[in-house]
A.B. asks: 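Okay, handing you the structure first.
Atoms considered below: every heavy atom in the structure, side chains included; atoms not considered: hydrogens, waters and symmetry mates. Letters go in sequence order (proteins before strands), and every chain restarts at 1.
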There are 2 protein chains.
Amino acid sequence: MKELRIRSKIWLEVDGQSFLGDGRYRLLSAVQHNGSINAAARDLGMSYRKVWAQLQAMEKSAPFPILERRVGGKGGGASQLTDEIMVLMEQFQELRNQVNKEADRCFAASFQESKN
Amino acid sequence: MKELRIRSKIWLEVDGQSFLGDGRYRLLSAVQHNGSINAAARDLGMSYRKVWAQLQAMEKSAPFPILERRVGGKGGGASQLTDEIMVLMEQFQELRNQVNKEADRCFAASFQESKN
DNA sequence: AGTCGTTGTGCGAAATTTGCATAGCGATGT
DNA sequence: ACATCGCTATGCAAATTTCGCACAACGACT
């Protein structure tokens, strides 16, 4: 058996449909870091269209606002995350790390219990 | 905050590419239970083409044979799982349950730490 | 030899994804 | 007062991917 590894992921659902997972986490981080959806898209090497669509889908099922957008004005506009989503992102990141760690631990127990 | 739930999944990778996850697990189970790829596809409500393609992709990256196929003959043919993959599926299922349980536990700790 | 239901596959249709192109916006500077 | 600038938002056609129908090959059993 060569190079067998475990991977894990978690995501949060609202009313049974995906709300916050790894991909959206990256998107939101990029928006937070770059100050606008447009800059985030460039930073991620994705089209604005695509990033916008994903954020749109996210907000549609969100139980609270995700982004504060400003159209026009200085710099043409801007977007930033709401406090609520930033808090949730923090919790999400911690959960992900914990679950990931547990996955690695269980995998090691199952597959390397007999050390050579 | 309404109806926020955690979901988790795990999968096994060989040389960095997905090898066994939830979807393929279901496919393999259906093959095992139905005795042929064709019957499995019907059972799952999927087209034979699609099931076949996924199993094909799986075997391409597999470190050992997955299916024993028989073309022609009694009943037109048949397929069954190898012992190796059945052992791995067993381990996979256990891992999935353990990780899932841990995810639920961590989630509860993070989001319901203050019981009302 | 004929039958039967399976594995395996070519290929066009259908669905989805993608990004270009463009409209509308408004705080700021002139 | 109004021109500017870069951002948000979106229509739409092209590109890509997914999908499944249709059919060939196969071989144990009758």
A.B. asks: Which nucleotide, D:dT10, C:dT7, C:dC11, lies nearest any side-chain atom of B:Arg49?
C.D. replies: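 Out of D:dT10, C:dT7, C:dC11, the nucleotide with an atom closest to B:Arg49's side chain is C:dC11.
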A.B. asks: Nearest nucleotide by nearest heavy atom, which residue falls closer to the 5' end of DNA chain D, A:Arg69 or A:Gly72?
C.D. replies: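 Its nucleotide being nearer the 5' end, the pick is A:Gly72.
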A.B. asks: Under 3.5 Å, side chain of A:Glu102 to main-chain N/O of B:Val99, donor-acceptor pair present?
C.D. replies: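 Not at all, since once roles are kept as given, no pair shorter than 3.5 Å links the two residues.
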A.B. asks: Take atom CD in B:Glu90; do more than 12 heavy atoms of anything else shown fall under 6.0 Å from it?
C.D. replies: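 Counting other residues, nucleotides and ligands, CD of B:Glu90 stays at 12 neighbours or fewer.
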A.B. asks: For a quick check under 3.5 Å, do B:Glu13 and B:Trp11 share a side-chain donor-acceptor pair by atom type?
C.D. replies: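 Note: B:Glu13 and B:Trp11 side chains meet the donor-acceptor criterion.
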A.B. asks: Would you please confirm or rule out a distance under 4.0 Å between OP1 or OP2 of C:dC20 and any side-chain N or O of A:Ser47?
C.D. replies: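 No, outside the criterion.
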A.B. asks: Counting C-beta onward and ignoring hydrogens, is there a side-chain heavy-atom pair between B:Leu67 and B:Met58 closer than 4.5 Å?
C.D. replies: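 B:Leu67 does not reach B:Met58 side chain to side chain.
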A.B. asks: Tell whether B:Arg70 reaches the base of C:dG5 with its side chain through a donor-acceptor pair below 3.5 angstrom.
C.D. replies: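 No pair found.
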A.B. asks: Salt-bridged, B:Arg70 to B:Glu68, with N to O below 4.0 Å?
C.D. replies: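 So B:Arg70 does not pair with B:Glu68 through a salt bridge.
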A.B. asks: What is the distance, rounded to the nearest whole Å, between atom CG of A:Leu67 and atom P of D:dC7?
C.D. replies: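 Rounded to whole Å, this separation is 15 Å.
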A.B. asks: Over how many whole Å does the gap from A:Trp52 atom CH2 to C:dA23 atom C1' extend?
C.D. replies: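 Between C1' of C:dA23 and CH2 of A:Trp52: 14 Å.
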A.B. asks: CE of B:Met86 to OG of B:Ser29: how many Å apart, nearest 0.5 Å?
C.D. replies: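 If we round to the nearest 0.5 Å, B:Met86:CE and B:Ser29:OG are 11.0 Å apart.
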A.B. asks: Please tell me whether A:Phe64 and A:Leu27 are part of a single hydrophobic cluster in this structure, the criterion being side-chain heavy atoms less than 4.5 Å apart.
C.D. replies: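 As far as the 4.5 Å side-chain criterion goes, A:Leu27 and A:Phe64 are connected within one cluster.
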A.B. asks: Verify side chain to side chain contact (heavy atoms under 4.5 Å, CB included) between A:Trp52 and A:Asn38, making sure each step is shown before the conclusion.
C.D. replies: CA-CA 9 Å; A:Trp52 177 85; A:Asn38 202 316; over 6 Å; no
A.B. asks: Side-chain contact, heavy-atom cut-off 4.5 Å: A:Lys50 with A:Leu55?
C.D. replies: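 Not in contact.
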A.B. asks: Quick one: is the NZ or CZ of B:Arg96 closer than 6.0 Å to the six-membered ring centre of B:Tyr25, and within 45° of its axis?
C.D. replies: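 The answer is yes; both the distance and angle limits are met.
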A.B. asks: Between protein and nucleotides 13-18 of chain D, what N or O pairs are separated by less than 3.5 Å?
C.D. replies:
none

A.B. asks: Check each residue of residues 29-43 of chain A for a non-hydrogen atom within less than 4.0 Å of any atom in DNA chain D, then write out the ones that pass by number, or none.
C.D. replies: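 Per residue number, the list reads A:Ser36, A:Ile37, A:Asn38, A:Arg42.
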A.B. asks: Can you check the B:Met46 CE to D:dC21 C1' distance for me, whole Å?
C.D. replies: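 Atom-to-atom, B:Met46 to D:dC21, this comes out as 16 Å.
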A.B. asks: Nearest whole Å is fine: how far is D:dA9 C1' from A:Gln54 CD?
C.D. replies: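 Roughly 16 Å, once rounded to whole Å.
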A.B. asks: Find out whether the Lys NZ or Arg CZ of A:Arg7 is both under 6.0 angstrom from the six-membered ring centre of A:Phe107 and within 45° of the ring's axis.
C.D. replies: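 Relative to the ring axis of A:Phe107, which defines the angle, A:Arg7 lies outside at least one limit.
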A.B. asks: At a cut-off of 3.5 Å, list every protein nitrogen or oxygen paired with a nitrogen or oxygen from nucleotides 28-30 of chain C, distance to 0.1 Å.
C.D. replies:
none

A.B. asks: For A:Tyr48 and for B:Val71, locate the closest nucleotide of DNA chain D by heavy-atom distance; then report the residue assigned to the nucleotide nearer the 5' terminus.
C.D. replies: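 Comparing both residues, the 5'-ward one is A:Tyr48.
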A.B. asks: Nearest-Å distance, CG (A:Leu55) to P (D:dT10)?
C.D. replies: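 Atom-to-atom, A:Leu55 to D:dT10, this comes out as 13 Å.
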